Amino acid sequence: MKEYKVIIPKLGFRNRLQNFEEELNKYAREGWIVNHVAQGWSSVVLERDKNR
């Protein structure tokens with residue numbers, strides 16, 4: 001079974017790509033995988049196995 005999480009990145013104006021990468025890596029360490037990135041990075045859908 002899968003579980004999903006929707007995040008809304010708060011990136012600021014400086015270092016947008018670096019901040020986005022750091023945020024995704026933080027979730028990746030918790031076992032989350034990017035499922036979908038909305039246009040303009042307005043939201044990101046993450047998924048992982050619930051029974052891990």
Side-chain angles (χ1 to χ4, degrees):
M1 178 178 246
K2 302 276 185 183
E3 67 178 322
Y4 296 89
K5 177 183 284 225
V6 177
I7 61 168
I8 300 172
K10 295 178 180 146
L11 305 173
F13 292 107
R14 302 185 105 199
N15 303 321
R16 268 182 89 91
L17 289 175
Q18 183 178 355
N19 292 342
F20 188 56
E21 181 180 354
E22 288 172 3
E23 189 163 354
L24 290 178
N25 283 330
K26 179 185 83 168
Y27 285 107
R29 284 189 288 275
E30 297 173 7
W32 293 99
I33 298 170
V34 174
N35 184 296
H36 177 76
V37 178
Q39 187 173 359
W41 305 341
S42 59
S43 64
V44 179
V45 178
L46 306 170
E47 77 173 1
R48 71 177 175 186
D49 287 327
K50 192 167 190 162
N51 301 324
R52 28 182 214 120

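Fair warning: this is a prediction, and the values are worked out from it, not measured in the lab. Here, residue 1 is the first one in the sequence, and each next residue gets the next number.
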Apart from I8 itself, members of its ILVMFWY cluster (side-chain separation under 4.5 Å) are none

Is L24 reachable from V37 through a run of hydrophobic residues whose side-chain heavy atoms are each under 4.5 Å from the next? yes

Among E22, E21, E23, whose side chain to side chain contact (heavy atoms under 4.5 Å, CB included) with N25 holds? E21

For a 4.5 angstrom cut-off between non-hydrogen side-chain atoms, does V34 reach L46? yes

Using the rule that two of Ile, Leu, Val, Met, Phe, Trp, Tyr join whenever any of their side-chain heavy atoms come within less than 4.5 Å, decide whether I33 and V6 are in one cluster. no

Between NZ of K2 and CG of D49, what distance do you get to the nearest 0.5 Å? 4.0 Å

Does R48 use its side chain to pair, donor to acceptor, with the backbone of K5 at less than 3.5 Å? no

Distance (rounded to the nearest 0.5 Å) between N51 CG and E3 CD: 9.0 Å

Please tell me if the side chains of F20 and V44 come closer than 4.5 Å, counting only heavy atoms from C-beta onward. yes

Specify the closest pair of heavy atoms between S42 and P9, including all atoms of both residues, with the distance to one decimal. O-CD, 4.0 Å

